[in-house]
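Here is the structure we will look at, set down as structure tokens.
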Amino acid sequence: MKNEFFCEVEKCIGKNGLYSVDPNGIGVLGRKFEVLFPPQAQKEQPGMEYLMNPRPIFDDPNYRSSGKLEGKVAIITGGDSGIGRSVAVYFAKEGATVIVAYLNEHRDALETKQYIEQFGGACLLASGDVKDPSFCERLVEETIKKCGKLDILVNNAGVQYQQKQLSDITNEQFDLTMKTNIYSMFYLTKAALRYMKPGSSIINTTSITTFAGEPELIDYVTSKGAIVGFTRSLATNLATKGVRVNAVAPGVFWTPLQPACWEPCKIPTLGADASMRRAAQPYEIAPIYVYLASDDSPYTTGQVFHINGGQYKG
């Protein structure tokens, strides 16, 4: 008897290039790959991690910390879930105090805080809209009041909406995507720079789609391309001041953005285009953020790091 999971997956056969699924969950898409995620969708963004099936893996129990961020203070936007949650966990394991900024995903944010505190890490939560420059100002000022300094800024919050063609993207959606994904970086970075000293690090999350293109995410790709330009220009501007600015370009990762964006039948094929033939879990990208935030990367600035399983060779 076929179980419910594979029956649900088989509803997608013939769509998005998924030709068949065998009893072991191996899908055929011109070549074989393992189907890890059943069809699912969430109605609103930002998506909620606690609703995902299966839940993303944000921590590696075999990871060995060594105090690389001991005594440092970091703000991480979108730190409640997905890649942001994993980065928050790894930063805390390395000794940083992390301020997790998020919109309204209260349950996910609380889970992140509790997880960090269970292993003795320090985590503060800040709920608000990064599209609002006044919230960005308050976030930085309250961090300084509470922690006395700010060493690391991770601009990670973002939204993406699937649309079949350009004419389907409303002016309101375009405005929302740009303000969430790139305006927020400008607002928050501008506020943070007043307190960042030599040795500080800014890390921006861009996307593989900037380099490979994605026909159904035109406004999202536009915003992520702007992040690359922002990163490179700001890095050059701040180089002599000792503040490093870099970006990370994830490929397909299993985060709330996926079910909150794509039609359900696209979910089982996530990552099929990568050389490794799978999507990634958040814990597989967090260490690059640790490297860029730490003193291990003193001569690294203006760079974009590609973590995508070989899908795009950057």
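Keep in mind that the numbers below use all heavy atoms, side chains included, and drop hydrogens, waters and symmetry copies. By convention here, the first residue in the shown sequence is residue 1.
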Checklist entry - So, Glu94 side chain and Gly67 main chain: donor-acceptor pair closer than 3.5 Å or not? => result yes

Item to check | By side-chain hydrogen bond (donor to acceptor under 3.5 Å, both in side chains) - contacts of Arg107 (at least two apart) | outcome: none

Checklist entry - Quick check: does any side chain N or O of Thr180 sit under 3.5 Å from a backbone N or O of Thr177, one acting as donor and the other as acceptor? => result no

Checklist entry - Any idea which heavy atoms bring Leu139 and Ala126 closest together, and the distance? => result CD1-CB, 3.6 Å

Checklist entry - Do Leu188 and Leu292 share a hydrophobic cluster (ILVMFWY, side-chain heavy atoms under 4.5 Å, transitive)? => result no

Checklist entry - What distance separates Thr209 OG1 from Ile218 CD1, expressed to the nearest 0.5 Å? => result 11.5 Å

Next on the checklist: Enumerate the side chain to side chain donor-acceptor pair (under 3.5 Å) contacts for residues 236-255, please, sequence neighbours excluded, ordered by first and then second residue.
Outcome noted: Arg244-Ser297

Item to check | Closest non-hydrogen atom pair, Val98 against Ala92 | outcome: CG1-N, 4.1 Å

Item to check | Listed once per pair and sorted, the side chain to side chain donor-acceptor pair (under 3.5 Å) pairs that draw on residues 40-51, sequence neighbours left out | outcome: Glu49-Arg85

Item to check | Residue pairs fulfilling salt bridge (charged side-chain N to carboxylate O under 4.0 Å, His left out) with at least one residue in residues 146-159, sequence neighbours excluded | outcome: Lys149-Asp151

Checklist entry - Got Val248 and Val304 here, is their nearest side-chain heavy-atom distance under 4.5 Å? => result no

Checklist entry - Is there a path from Val252 to Val87 through hydrophobic residues (I, L, V, M, F, W, Y) whose side chains come within less than 4.5 Å of each other? => result no

Checklist entry - Can you tell me how far the OG atom of Ser207 sits from the CD1 atom of Ile227, to the nearest 0.5 Å? => result 8.5 Å

Next on the checklist: Test of understanding: with side-chain hydrogen bond (donor to acceptor under 3.5 Å, both in side chains), list the residues that count as partners of Ser233, not counting sequence neighbours.
Outcome noted: none

Checklist entry - Does the side-chain contact (heavy atoms from CB on, under 4.5 Å) test come out yes or no for Tyr102 and Asp108, once each step is laid out? => result CA-CA 9 Å; Tyr102 67 100; Asp108 284 346; over 6 Å; no

Next on the checklist: Assigning hydrophobic clusters by single linkage (Ile, Leu, Val, Met, Phe, Trp, Tyr; side-chain heavy-atom cutoff under 4.5 Å), is Val89 placed with Ile76?
Outcome noted: yes

Checklist entry - Could you walk me through whether Arg194 and Glu141 pass the side-chain contact (heavy atoms from CB on, under 4.5 Å) check? => result CA-CA 10 Å; Arg194 292 197 295 268; Glu141 295 301 328; 3.2 Å; yes

Item to check | Common cluster, Leu150/Ile152, ILVMFWY with side-chain heavy-atom separation under 4.5 Å | outcome: no

Checklist entry - Which residues satisfy the ring-ring contact (aromatic ring centres under 6.0 Å, His included) test with Tyr220, sequence neighbours excluded? => result none

Item to check | Heavy-atom side-chain proximity of His106 to Glu111 below 4.5 angstrom | outcome: no

Item to check | Stepwise side-chain contact (heavy atoms from CB on, under 4.5 Å) check, Lys93 with Phe119 | outcome: CA-CA 8 Å; Lys93 282 189 169 186; Phe119 61 74; 3.6 Å; yes

Checklist outcome for this item: CG of Asp219 to OH of Tyr161, rounded to nearest 0.5 Å, is 9.0 Å

Next on the checklist: Please check this pair: side chain of Thr301 against backbone of Val245, looking for a donor-acceptor N/O pair closer than 3.5 Å.
Outcome noted: yes

Item to check | Partner set under ring-ring contact (aromatic ring centres under 6.0 Å, His included) for Tyr289, not counting sequence neighbours | outcome: none

Next on the checklist: Quick check: closest heavy atoms across Ala274 and Arg278, and the distance to 0.1 Å?
Outcome noted: CB-O, 4.0 Å

Checklist entry - Which pair of non-hydrogen atoms, one from Ile203 and one from Ser201, has the smallest distance, and what is that distance? => result CG1-OG, 3.7 Å

Next on the checklist: I'd like to know whether Lys164 forms a salt bridge (charged side-chain N to carboxylate O under 4.0 Å, His left out) with Glu263, so could you lay out the CA-CA distance, the side-chain angles of the two residues, the decisive distance to 0.1 Å, and finally the verdict.
Outcome noted: CA-CA 11 Å; Lys164 297 294 185 181; Glu263 57 191 337; 3.2 Å; yes

Next on the checklist: Would you compute the distance between atom CZ of Phe174 and atom CG of Leu166 and round it to the nearest 0.5 angstrom?
Outcome noted: 9.0 Å

Checklist entry - Any side-chain heavy atom of Ser275 within less than 4.5 Å of one from Lys313? => result yes

Checklist entry - When the aromatic ring centroids of Tyr115 and Phe58 are compared, is their separation below 6.0 Å? => result yes

Item to check | Side-chain heavy atoms of Ser86 within contact of Tyr90, under 4.5 Å | outcome: yes

Item to check | Side chain to side chain, Leu238 and Leu193, heavy atoms closer than 4.5 Å | outcome: yes

Next on the checklist: On a heavy-atom basis, which atom in Ser223 and which in Ile182 lie closest, and how many Å separate them?
Outcome noted: O-CB, 4.3 Å

Checklist entry - Quick one: are His306 and Ile208 in side-chain contact, heavy atoms under 4.5 Å? => result no

Checklist entry - Does any pair with a residue in residues 66-81 pass side chain to side chain donor-acceptor pair (under 3.5 Å), and if so which ones, sequence neighbours excluded? => result Lys68-Asp296

Next on the checklist: As a quick check of understanding, evaluate side-chain contact (heavy atoms from CB on, under 4.5 Å) for Thr222 and Met178, giving each step before the final call.
Outcome noted: CA-CA 8 Å; Thr222 301; Met178 296 300 289; 4.2 Å; yes

Item to check | Donor-acceptor contact present, side-chain Thr269 to main-chain Ala272, <3.5 Å | outcome: no

Checklist entry - Can you find a pair of side-chain heavy atoms, one from Met48 and one from Pro256, that are under 4.5 Å apart? => result no

Item to check | Side-chain heavy-atom pair Leu270, Gln258 within 4.5 angstrom cut-off | outcome: yes

Checklist entry - Does Asp295 use its side chain to pair, donor to acceptor, with the backbone of Gly199 at less than 3.5 Å? => result no

Item to check | Flag, side chain of Ser294 to backbone of Tyr291, donor-acceptor distance under 3.5 Å | outcome: yes

Checklist entry - Going through the distances and angles, do Thr205 and Asn155 end up as a side chain to side chain donor-acceptor pair (under 3.5 Å)? => result CA-CA 6 Å; Thr205 302; Asn155 288 307; over 6 Å; no

Checklist outcome for this item: Contacts of Lys145 meeting side chain to side chain contact (heavy atoms under 4.5 Å, CB included) (sequence neighbours excluded), chain-then-number -> Glu142

Checklist outcome for this item: What one should report as the nearest heavy-atom pair of Ala157 and Val130 is CB-CG2, 4.3 Å

Checklist entry - Listed by chain and number, what are the ring-ring contact (aromatic ring centres under 6.0 Å, His included) partners of Tyr195, not counting sequence neighbours? => result none

Next on the checklist: Applying ring-ring contact (aromatic ring centres under 6.0 Å, His included), can you list everything that pairs with Phe33, at least two apart in sequence or on another chain?
Outcome noted: none

Item to check | Rounded distance [0.5 Å steps], CD in Glu117 versus OG1 in Thr112 | outcome: 11.0 Å

Checklist entry - Would you call Lys224-Glu214 a salt bridge at under 4.0 Å N-O? => result no

Item to check | Any donor-acceptor pair under 3.5 Å from Gln281 side chain to Ile57 backbone | outcome: yes

Next on the checklist: Let me confirm one number: the CG-OG1 distance from Leu176 to Thr170, rounded to the nearest 0.5 Å.
Outcome noted: 8.5 Å

Next on the checklist: My understanding is that only residues two or more places apart in sequence, or in another chain, count here; which of them pass side-chain hydrogen bond (donor to acceptor under 3.5 Å, both in side chains) with Thr210?
Outcome noted: Thr206

